[in-house]
Structure formats: structure tokens, C-alpha cells
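Order of the sequence lines fixes the chain letters, A, B, ..., with proteins taken first and strands second; residue numbering starts at 1 for each chain. Just so it is clear, the model here is predicted, and its values are computed rather than measured.
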Amino acid sequence: MALRFFNTYSRSIEEFHPLDPDGRAVKMYTCGPTVYSEAHIGNFRAYIFEDLLQRHLELRGFTVQRVMNLTDVDDKTIRGSRAANIPLAEFTAPFKEAFYQDLDTLQIKHADSFPAATEERFVQAMIAMIEKLIGRELAYQADDKSVYFRINRFPKYGHLAHFDLAELRSTGRVKSDEYDKEHVGDFALWKAWDEEDGAVWWESPWGRGRPGWHIECSAMATTLLGEQLDIHCGGVDNIFPHHEAEIAQSEGCSGKPFVRYWLHCAHLLVEGQKMSKSLGNFYTLRDVLAKGYRGREVRYALLRVHYRAPLNFTWEGMEEARQALARIDEWLRRLREAAGAENLPANRAVAIEDDKFAAALDDDLNISAALGHLFEQIRESNRELDGGIDAARALAWLQWWERINRVLALEAGAEKPSAEIARLAEERVHARLAKDWQKSDELRDALQARGWDVRDTKDGQLVTRRAGA
RNA sequence: GGCGGGGUAGCCAAGUGGUAAGGUCGGGGUCUGCAAAACCUCUAUUCGCGGGUUCGAUUCCCGCCUCCGCCUCCA
């Protein structure tokens, strides 16, 4: 079955075919974070969805070239740097670093490039684009010295969001001093310097100033990926105005369709409500880790709901993620044991022909159906394990899993017991041989308190790292 | 008001014009010194509400209720 995605532009499911004549190379652009603070779990829901998309495309044989921008100049970053009384770059650097660490924690593949808006070559690219837009009368400099995009000259403006511009209602978020524009919907391409910007400015044909948010993405995307992209992603809140503006700017310059497939993920709710600091339900990834959860558990919790459905983040859901992963861990442990420590030649295993997991993902990334199938197969193979299976069969199951895990990226890293854990475990073995059950149970409690589960099997004691510990 | 996305078991959630995947939780069982894990087993006469089409609708159509989001720089 062909790969297909819901395209926000057409509001329908479409078969996916990249622009590449060979049908293999995929150019993908994803809006990244504004680095004025640590990213929150809602941000990561979007990045995990994009990671799932990239990994599945790769599983299906596509070569994905992916760009994710970092917005390191805007009102919030400038405000933060002034409050901290340090230069802008110094203010944003630790948040960039934290972001990369968080991506690793969540096993999100790094993009091929993470362009930052303040890089000189991109600023120059933005200026060049704005000049071109002015030359085509798609932009103008207003009395306030800022440059705006003239939306009335771009008839497609509003198509992505399916908005009729005449019916737009103001929500009061428009700054009241923006009366220099020809149309309230005209958006800033270049913002003239004002005192609030402090030392943050670049020279331009229109005087000192800084780029508008939307032009950053257009410039970085077209500089790094070319005038036409296959896929562009983000959260639904980016549809309007951000992505709408990107289309207007990019196509205004190139005259070519900017993006073939627009994919947007729904929001994350926390305990049924929008995440907000005032409600006290605002969490960064690090907040969740501080409660004792691990990155893979957060990844599972944010991954398991279809990207176009709202995802309700709850602590109960985190526990569910922990249990589900523990089940996968135990299944893998048993399979490895059955496959044997010695390296069985891979060709001894009769491959398990089962593509249902990936086939589910072909259908607009139906992760729930895919995971449902995984767990059905886990039950099936556990039955086989209970009945005693040969090493080749166990290896075949492991190979089946490894393919799936290229997309899920949920496997735990191996962790060796410390000397203390090993000593406690050894003592417990002796206690059990002496049938000293009281001491045995005490040692088990001691190990569990240190994050290790202890089980007694027919082959002896088994000590494993507890999920989430 | 306009434009979207949801409402399926305690919780999360898939799905189809033909009689409800999967996860998690809970009950029972096998196993165990006790546990744990694994496996077996039970838990929605029912898919927000009301109509309609149909032999048959959770699925299609109409109306309504409700939650969430966007409507000019929030993933």
C-alpha cells in the first residue's frame, strides 16, 4: 500500500511522492524552538512526531534531508538577554545546548542542520529575499521604517489556513501601534530597530533592524533545501500565520510551489487542560525527568497517540508507558536468552515476514494500530517462548523487532550493575541456598530500593534494571 | 462569527456498512518459599445525543450537545 499523509493544504489524505525524479530523496523542513527557555513537553510532542515521520520514511527507503531551525532572535530572546544583562548569543547558547541534549534524551534524530536565525549568511539571505519582494511590490517599507509583506498582492494568502481574510476577527493580540501598515494582516519582514532591541541589530537597505520571524524560516529553508520542499511540519498553531507567511514569502520570491505536503500535529494537553504556567501544569522535559521518568518513557508517552489527535499528558499515562516498556524489555530479554549468547549466524534464522507494523504507519502514521500489532506479536512470541523455542526462531523475532525499533527507538540501553549491586545480588544467592528467606527478602528489598528488580527463575536469580529507575 | 481537530470500557486508544484491535488498571488461574515476570482467563449487547438512509450504522446523511485549538510572530 502506498505511503500517504494528511496534507493540511488540501485537507485530505494524499499519496506521498517526493519531487525527486528517482522518488527517493525527501527534503523536509521542521520549525524548531525559540531558544529563550528550555523546550516544554508540548514542543517535544511535535518533534517526536517529526522524528517518527523521518524514521518511517527512512524505513521505507527514502533518504531524508532534514532541516530544523533555531529561532535565536525575537522579542522573547531579546527581552531575556536584556534582563540577564548579557549579549543575545550568550543568553541563547545554553538553551541551544539544552535543546540538543533533550533531543538525545528522547532519541530524536538530529536534523542534518540546525540553522540559527542570527547566522550572518542567513541574515543576508533574508535581506536578499526582502529586496526581491519589494522589487515585485509584494513588500513595502512603512512609515515606521519596518518592511511589511503586502498580503493583498498575494492572492493565495489564507489558502493554507482556509481563512477568508475579510472575515478575520481580531483577537486583540495585534499590537495597537501597528497602524503604519496598509492592511492589518500585513506581517513584518524586517523590524526597524527600537530602543527595546538594545545592541541587537543588523544593517540593511532599510536601516538598522532585525528580521521578522516568518522570513527566517523561508530564508533558511530555501537556502539549505532549495526553492521547493517535499514536507514541512509543525504544530497546528503554526498554520496561521507562520506557515501561511512562509508560503507567501517563498513563493513570492521563487514563483514555484514552496511545499508539497504540509503536516501538522495537534496540541498536547496536560491533565485535560492547555498547558500554562498559571495553571501549574507547565512541564519542560527536565521537569518530567526530575519526577523519576526516563527519556524513553516520555518518548513512548508522547509517541503513542496519533499525531493529528490531541494528546492528553497525565502521570497515569506515564505509568502506563513505563509498564508497557517494561513488558517490551522483558520480552527482549527472554528472546535474547533463547537466542543464546553465542552469535548465531543471522542466516540461520528464518525471517518473520510481517510488515503490518510498517503498513500501519504507511497510513498517515497510524501509530496506535502499529503498536497494537506489536503487542499482539509480543504475546504470540511469548507463547512460543513458554513452549520452548529454538535459537534460530528467537533470533528471527529479534530481527523482526530490530527493524521496528528503527522507527520506535524505544529500546533501553544496557546498564551494568554496580559493584554494590553485584555484591548484594551475590549475598542473596547465598542466602537462598541456605534457605534463609528472611535475609533473601531483605536483600531483594535493598536491591529494589536501589532501582533493580529481582526475580527467581528456574535458572536462578535474575537482577534487572527496573523500568524508569 | 469563520476555519479546524476530538467525544469508543476506570484511564489511553485502533477500527470497519455486517456485529467492537491493542495498551494500562482491576478480578480469577498456572508457576513460585513468598514475590515478580510470563502465559491463560474475565471486564463495552455497545461506540456523545436525537432523527434519517439501509436487510443491517459505531461506521453514511441531517440536526444538536460537548471538549480543545487557530483567527496576525505559541509545537
**Student:** Base, sugar-phosphate or nothing for A:Leu268? Non-hydrogen atoms, less than 4.0 Å.
**Tutor:** base

**Student:** Starting from P on B:G33, measure out to CG on A:Asp436 and report it in whole angstrom.
**Tutor:** 16 Å

**Student:** Nearest whole Å is fine: how far is B:G33 P from A:Arg455 CZ?
**Tutor:** 16 Å

**Student:** Please report the distance, rounded to the nearest Å, between NE2 in A:His264 and P in B:C68.
**Tutor:** 22 Å

**Student:** Any ion pair linking A:Arg403 and A:Asp354 (charged N to carboxylate O, less than 4.0 Å)?
**Tutor:** no

**Student:** So if I take residues 425-435 of chain A and measure heavy-atom distances to RNA chain B, which residues fall below 4.0 Å?
**Tutor:** A:Arg428, A:Arg432

**Student:** 5'-most contact on RNA chain B: A:Arg383 or A:Tyr300, nearest heavy atom basis?
**Tutor:** A:Tyr300

**Student:** Please report, rounded to the nearest Å, how far the C1' atom of B:C12 is from the CG atom of A:Leu302.
**Tutor:** 13 Å

**Student:** Nearest-Å distance, CZ (A:Arg322) to C1' (B:C11)?
**Tutor:** 17 Å

**Student:** What pairs of nitrogen or oxygen atoms, one from the protein and one from nucleotides 24-30 of chain B, lie under 3.5 Å apart?
**Tutor:**
residue : atom : partner  : partner atom : Å
B:U24   : OP2  : A:Arg327 : NH1          : 3.2

**Student:** Any ion pair linking A:Glu380 and A:Arg383 (charged N to carboxylate O, less than 4.0 Å)?
**Tutor:** yes

**Student:** Which one, B:A35, B:U72, B:G4, comes nearest to the side chain of A:Tyr157?
**Tutor:** B:U72

**Student:** Identify which one of A:Gln141, A:Gln249, A:Met126 satisfies the side-chain contact (heavy atoms from CB on, under 4.5 Å) criterion when paired with A:Leu189.
**Tutor:** A:Gln249

**Student:** What's the closest nucleotide to the side chain of A:Glu330 if the choices are B:G33, B:A37, B:G5?
**Tutor:** B:A37

**Student:** Report, as yes or no, whether the 6.0 Å neighbourhood of atom NZ on A:Lys96 holds more than 12 heavy atoms from other residues, nucleotides or ligands.
**Tutor:** yes

**Student:** Look at the aromatic rings of A:His264 and A:Trp262 and report parallel, tilted or perpendicular, splitting at 30° and 60°.
**Tutor:** parallel

**Student:** If the threshold is 4.0 Å, N to carboxylate O, is there a salt bridge linking A:Glu50 and A:Arg66?
**Tutor:** yes

**Student:** Using the side-chain heavy atoms of A:Arg379, tell me which of these nucleotides is nearest: B:G22, B:G6, B:G69.
**Tutor:** B:G22

**Student:** Assign each of A:Arg334 and A:Cys31 to its nearest nucleotide of RNA chain B by heavy atoms, then name whichever residue's nucleotide is nearer the 5' end.
**Tutor:** A:Arg334

**Student:** Has A:Asn366 got a side-chain N or O lying under 4.0 Å from the OP1 or OP2 atom of B:G15?
**Tutor:** yes

**Student:** Answer with base, sugar-phosphate or nothing: what part of the nucleic acid does A:Thr71 contact at a heavy-atom distance below 4.0 Å?
**Tutor:** nothing

**Student:** State whether A:Arg4 and A:Asp363 are salt-bridged, where the test is any N-O pair (Lys NZ or Arg NE/NH1/NH2 against Asp/Glu carboxylate O) under 4.0 Å.
**Tutor:** yes

**Student:** Please pick, from B:G4, B:C74, B:C12, the nucleotide with the shortest atom-to-atom distance to any side-chain atom of A:Asn312.
**Tutor:** B:C12

**Student:** Would you check if the distance from the ring center of A:Trp315 to the ring center of A:Tyr293 is below 6.0 Å?
**Tutor:** yes

**Student:** Using Watson-Crick or G-U wobble geometry with both distances under 3.5 Å, which nucleotide pairs with B:C70?
**Tutor:** B:G2

**Student:** Just to confirm, is there a sub-4.0 Å distance from OP1 or OP2 of B:C39 to any side-chain nitrogen or oxygen of A:Asn382?
**Tutor:** yes

**Student:** What's the closest nucleotide to the A:Phe240 side chain, out of B:U72, B:C74, B:C3?
**Tutor:** B:U72

**Student:** Classify the nucleic acid contact of A:His242 as base, sugar-phosphate or nothing, counting any heavy atom under 4.0 Å across all strands shown.
**Tutor:** nothing

**Student:** Does a side-chain N-to-carboxylate-O contact under 4.0 Å join A:Arg334 and A:Asp386?
**Tutor:** yes

**Student:** If you check every side-chain atom of A:Asp441, which of B:C34, B:A21, B:C74 has the closest atom?
**Tutor:** B:C34

**Student:** Please give the nucleotide sitting opposite B:U45 as a Watson-Crick or G-U wobble pair, both distances under 3.5 Å, or none.
**Tutor:** none

**Student:** Does the side chain of A:Arg333 get closer than 4.0 angstrom to OP1 or OP2 of B:A38 through an N or O atom?
**Tutor:** no

**Student:** Atom CG of A:Leu385 and atom P of B:A37: how far apart are they, to the nearest Å?
**Tutor:** 17 Å

**Student:** Atom CH2 of A:Trp437 and atom C1' of B:A36: how far apart are they, to the nearest Å?
**Tutor:** 15 Å

**Student:** Which listed nucleotide (B:U72, B:C3, B:G6) is nearest to the side chain of A:Phe163?
**Tutor:** B:C3

**Student:** Under the side-chain contact (heavy atoms from CB on, under 4.5 Å) rule, collect the residues that match up with A:Asp237, sequence neighbours excluded.
**Tutor:** A:His267

**Student:** Could you state the atom-to-atom distance from CG of A:Asp453 to P of B:U32 in whole Å?
**Tutor:** 21 Å

**Student:** Would you call A:Arg299 and A:Asp51 a salt bridge, taking side-chain N to carboxylate O under 4.0 Å as the test?
**Tutor:** yes

